[in-house]
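Below is one structure, written out as structure tokens, with a few remarks after it.
What you are looking at is a predicted structure, and each value in this text was computed from that prediction instead of being measured.
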Amino acid sequence: MDKEFLFVEGGNQPFIAYIKDEKLEGISPLEKTYIGNIYRGRVDYIDTGIPAAFIEIGLKERGFLPLKNPKELVKGETIIVEVKKDPIGTKGAFLTREYSIAGHYTVYFPEEDFLLFSKKIKKKETIEEWKEYKKTIPGGLLVRTQGGFDFKAGKKELKQFLELGEKLKQEIHFLPVPKCLYKRSQGIEFLLRYYKEGIPLITNDMSFAKSIAPEYPWKEVSWSLDQKEKISYDLGRLQKRKVPLENGGELIFDQTESCVVIDVNTSSAKTSKDTKQKVNIEAAKEIPRQIRLRNLSGIILVDFITVSGKEEREILKVLKQNFSLDPNHVEVYGFTKLHLCEIGRQRKGKPLATIK
């Protein structure tokens, strides 16, 4: 098996996963989502108190569009919007007028005017190339990390986005209203996050994988991830409340109405002071990984084994280092007077609950 690869699982519970050194490092269920879709919508109602507009985009509930000024729109007006968050229950989709088209190298904003770069792009020559090219094109542009490695491929991708962007801007003049103008492929954000040149793309369902990203070089295999012992073990642990640690300790996950609580126990480990801190440090390495894979978000409280202030600082350092791999914004606030570690994680998508 390759040391690093991306895998798309077809079937009744499809998902996409990133594996490195026979260890699961990223996973996302491929369930129905409206995020990234662009719609021609109609302003149905304006709430001047919030202020916000409720937009008819053809879904069960009207979309919610925050406004800086309630006078910037009028009832019945046609606008172009993008879905930033899926509808939940009776709450409609969260919308933005700053719609964008995202690719492997760039993200293009047809209605904006700016140039931003991924923080990982350091090469001055590449930055200057993009700056010169941006002077020749309209719209806002975010250059992704891969765009910093291959300017030529990024330009080729952006050319397609420029054409699509012009078409989208013209769509405001046509009927019917509402209408979906652009559908974002399921799982494409995950691919954009983890894929780089040379990483094998593997699937057990070629037609399904091609429907997600037809331009990527997929290779079909007959096996499934749950047939691979170590990865299957990781998949199984994501559904369990208790997660054993290698040194004999364990993590216990509990989801409440308002927050996620994680308890660190010594379990079968010896309970000397040194051993307690070793369990804490291993837990501080595994907790960010489990949170990322389970897609837990909001307020997260961790009850580490009680230690001194110096040891707490060591735990916080390890936590922050391992949360640096998380694509979502994470804030590690520190320990409370009751020695609970407070963490906040940006909410994107649903918690992982559909993988066997």
Side-chain angles (χ1 to χ4, degrees), residues 17-18 20 23-29 35 84-86 88 94 118-120 189-190 193-194 234-267 269 273 275-355:
Y18 171 61
K20 188 174 183 180
K23 195 173 183 181
L24 188 66
E25 291 295 345
I27 190 166
S28 176
I35 295 174
K84 300 300 288 184
K85 293 181 183 178
D86 277 320
I88 301 175
F94 191 91
S118 163
K119 291 179 181 178
K120 295 180 181 179
E189 270 298 331
F190 192 93
R193 186 185 311 150
Y194 288 108
D234 273 346
L235 281 169
R237 289 204 302 178
L238 294 179
Q239 299 299 324
K240 292 181 179 178
R241 180 173 173 255
K242 294 184 179 182
V243 176
L245 300 173
E246 288 181 7
N247 59 15
E250 69 177 3
L251 306 176
I252 301 175
F253 289 80
D254 285 303
Q255 176 83 55
T256 71
E257 286 266 343
S258 57
C259 66
V260 176
V261 179
I262 305 171
D263 192 21
V264 181
N265 285 340
T266 53
S267 186
K273 186 177 179 180
T275 304
K276 286 180 180 178
Q277 184 63 352
K278 284 180 180 177
V279 172
N280 280 336
I281 294 302
E282 189 182 347
K285 293 176 181 177
E286 183 63 23
I287 283 169
R289 178 171 173 266
Q290 288 289 324
I291 287 173
R292 186 176 74 249
L293 292 175
R294 293 169 184 245
N295 199 21
L296 303 175
S297 55
I299 301 169
I300 300 169
L301 299 176
V302 185
D303 187 7
F304 285 97
I305 303 163
T306 305
V307 288
S308 68
K310 180 182 177 182
E311 289 161 329
E312 285 184 350
R313 288 192 292 275
E314 186 182 3
I315 290 167
L316 291 175
K317 183 179 178 181
V318 174
L319 275 174
K320 289 175 181 178
Q321 285 174 343
N322 285 272
F323 270 124
S324 66
L325 302 171
D326 200 313
N328 293 13
H329 177 70
V330 178
E331 197 73 49
V332 179
Y333 294 104
F335 284 87
T336 69
K337 291 181 179 179
L338 293 174
H339 300 283
L340 295 174
C341 183
E342 291 183 296
I343 300 167
R345 184 172 184 264
Q346 181 186 18
R347 205 179 297 273
K348 277 187 182 179
K350 299 173 185 176
L352 186 70
T354 58
I355 306 297

Q.
Quick check: do D234 and R289 have side-chain heavy atoms less than 4.5 Å from each other?
A. yes
*asked:* Under 4.0 Å between a side-chain nitrogen and a carboxylate oxygen: does that hold for K285 and E246?
replied: no
Check: Are I343 and V330 close enough that some pair of their side-chain heavy atoms sits under 4.5 Å apart?
Finding: yes
In short, L24 meets L293 closest at the heavy-atom pair O-CD1, 3.7 Å
Query raised in the report: Any side-chain heavy atom of L319 within less than 4.5 Å of one from V302?
Result: no
NZ of K310 to CD1 of I315, rounded to nearest 0.5 Å, is 13.0 Å
Classify the ring geometry of Y18 against Y194: parallel below 30°, tilted from 30° to 60°, perpendicular beyond 60°. parallel
*Evaluation steps, side chain to side chain contact (heavy atoms under 4.5 Å, CB included), between E342 and L301*: CA-CA 5 Å; E342 291 183 296; L301 299 176; 3.8 Å; yes
message: Can you confirm whether I252 sits close enough to I262 that some side-chain heavy atom of one is under 4.5 Å from a side-chain heavy atom of the other?
response: no
CD of Q290 to CG of N322, rounded to nearest 0.5 Å, is 12.5 Å
In short, S28 meets F190 closest at the heavy-atom pair CB-CD1, 3.7 Å
Stepwise side chain to side chain contact (heavy atoms under 4.5 Å, CB included) test for K317 and E314: CA-CA 5 Å; K317 183 179 178 181; E314 186 182 3; 5.7 Å; no
query: Any side-chain heavy atom of R294 within less than 4.5 Å of one from F253?
result: yes
In short, C341 meets L316 closest at the heavy-atom pair SG-CD2, 3.9 Å
* So, do Q321 and P288 sit near enough that their side-chain heavy atoms are less than 4.5 Å apart? -> no
Handout entry: Stepwise side-chain hydrogen bond (donor to acceptor under 3.5 Å, both in side chains) test for N328 and R292
Key = CA-CA 8 Å; N328 293 13; R292 186 176 74 249; over 6 Å; no
To the nearest 0.5 Å, atom CD1 of I300 lies from atom OH of Y333 at 10.5 Å
### Message
Are the side chains of L251 and I287 in contact, using a 4.5 Å heavy-atom criterion?
### Response
yes
Quiz prompt | Side chains of E312 and N280 in contact at under 4.5 Å (non-hydrogen atoms) | solution = no
Rounding to 0.5 Å, atoms CG (N295) and CG (L238) come to a distance of 11.0 Å
Taking every heavy atom of D303 against every heavy atom of D263, the minimum-distance pair comes out as O-OD1, 3.4 Å
* Ignoring hydrogens and geometry, is there a side-chain-to-backbone donor-acceptor pair from N247 to E282 under 3.5 Å? -> no
Taken to the nearest 0.5 Å, the spacing of F304 CZ from Q277 CD works out to 9.0 Å
* **Over 12 non-hydrogen atoms of neighbours within 6.0 angstrom of CG in L325** => yes
CD1 of I305 to NZ of K278, rounded to nearest 0.5 Å, is 13.0 Å
Minimal heavy-atom distance between S297 and R347, with the atoms involved, is OG-CG, 3.2 Å
Evaluate V260 against Q255 for side chain to side chain contact (heavy atoms under 4.5 Å, CB included), listing each step before the verdict. CA-CA 5 Å; V260 176; Q255 176 83 55; 3.4 Å; yes
Go through the steps to decide whether E311 and I281 satisfy the test side chain to side chain contact (heavy atoms under 4.5 Å, CB included), and finish with yes or no. CA-CA 9 Å; E311 289 161 329; I281 294 302; over 6 Å; no
